[in-house]
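What follows is a short report on a single structure.
Each ligand, and each atom within it, is numbered from 1 in the order the structure gives.
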Amino acid sequence: MRARLGVMGGTFDPIHYGHLVAAEEALHQFELDQVVFVPTGDPWMKEHAVVSPAEDRYLMTVIATASDAKFRVSRMEIDREGPTYTVDTLRDLRTELRATTDLFFVTGADAMLEIFQWKDPAELFELAHLIAATRPGYDLEAFTANTPQGHPDVTVMQVPALAISSTDIRARVAAGRPIRYLLPEGVTTYIEKAGLYR
Ligand code: ATP
Ligand code: MG
């Protein structure tokens with residue numbers, strides 16, 4: 001039997017139910033053995049200039065996934081020097097794992113639409129099967145229409161529509177608006193204790 005490992009990359013600043021639902025759905029639909037969450041190190045494609053320290057984002061991801069036996073968190077990107085590239089992460093995982101493990105890289109529709117701006121997209125497709133989770137506000141039809149020939153290894157995955165984003169959660173904390181029910185309670189407690197997003 002081949003092993004099937006899901007990889008969920010993200011800034012996770014903070015992690016929220018949109019991420020967790022996408023990972024859970026991938027686990028089920030693709031019969032994965034595990035999903036590993038990989039918080040980014042230096043997020044070069046991020047639009048907002050200030051990203052929380054990697055250690056805080058790592059800990060929030062651990063807190064959010066701790067109660068799920070099939071979810072784990074990797075430090076590989078936050079411990080790596082220099083900018084974060086998904087292709088490096090998948091290459092490292094490929095080296096680390098036995099050849100009998102298949103990789104499934106899970107992204108939301110917005111990240112998938114940007115995929116051809118990533119480093120070495122062709123190699124990305126060789127290293128992993130790509131799963132594009134539907135996300136409110138992003139049209140995956142555009143991706144399918146713009147996909148160059150020879151890169152058919154992407155599956156669109158329908159997930160329950162959750163119009164939750166880390167950007168909105170940060171803005172809510174800054175404005176003193178509620179974030180309850182958008183993310184796990186333990187993560188909210190961590191945000192308060194660490195004084196994030198104020
Ligand atoms: P930000 O607003 O800071 O960009 P985000 O909510 O988009 O944060 P990221 O850490 O950027 O979260 O996302 C990590 C991955 O999770 C990306 O592939 C993204 O598309 C996906 N994702 C995030 N939120 C959702 C959601 N609500 N539904 C489906 N996929 C999501
Ligand atoms: Mg994002």
Does [X] pair with [Y] as a salt bridge, N-O distance under 4.0 Å?
| X | Y | answer |
| --- | --- | --- |
| Arg75 | Glu55 | yes |
| Asp33 | Arg4 | no |
| Arg91 | Glu123 | yes |

Are Tyr17 and Ile169 co-members of a hydrophobic cluster defined by side-chain heavy atoms under 4.5 Å apart?
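Same cluster.
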
Sub-4.0 Å atoms of ligand 1 with respect to non-hydrogen atoms of [X]:
| X | answer |
| --- | --- |
| Thr107 | 18 (O) |
| Met8 | 15 (C), 16 (O) |
| Gly10 | 10 (O), 14 (C) |
| Asp110 | 19 (C), 20 (O) |
| Gly18 | 26 (C), 27 (N) |
| Thr11 | 10 (O) |
| Thr134 | 29 (C) |
| Arg170 | 3 (O) |

Hey, does [X] sit under 4.0 Å from ligand 1 if you only count heavy atoms?
| X | result |
| --- | --- |
| His16 | yes |
| Ile164 | yes |
| Ile15 | no |

Close N or O approach (Phe12, ligand 1; < 3.5 Å):
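Such a contact does occur with ligand 1.
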
Would you say ligand 1 has an N or O under 3.5 Å from any N or O of Ser166?
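Yes; the residue has a nitrogen or oxygen that sits under 3.5 Å from a nitrogen or oxygen of the ligand.
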
Which bit of Ala133 is near ligand 1, meaning a heavy atom under 4.0 Å away: side chain, backbone, both or neither?
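Answer for Ala133: neither.
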
Residues, nucleotides or ligands: over 12 heavy atoms within 6.0 Å of Arg198 CZ
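It does: Arg198 CZ has more than 12 such atoms within range.
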
Indicate whether any N or O donor in one side chain lies under 3.5 Å from an N or O acceptor in the other, for [X] and [Y].
| X | Y | value |
| --- | --- | --- |
| Thr89 | Arg80 | yes |
| Arg170 | Thr167 | yes |
| Ser52 | Asp13 | yes |

Which residue from Gly9, Gly108, Ala111 reaches closest to atom 14 (C) of ligand 1 through any of its heavy atoms?
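Selected option, by shortest heavy-atom distance: Gly9.
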
Atom 27 (N) of ligand 1: which of Thr167, Val51, Ile169, Leu162 has the nearest heavy atom?
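Result: the heavy atom closest to atom 27 (N) of ligand 1 is in Leu162.
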
Picking from Val38, Thr95, Val7, what satisfies side chain to side chain contact (heavy atoms under 4.5 Å, CB included) with Leu90?
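Among the candidates, only Val7 passes.
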
Do the rings of Phe30 and His129 sit parallel, tilted or perpendicular, given the 30° and 60° boundaries?
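Because their plane-to-plane angle lies in the 30° to 60° range, the rings of Phe30 and His129 count as tilted.
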
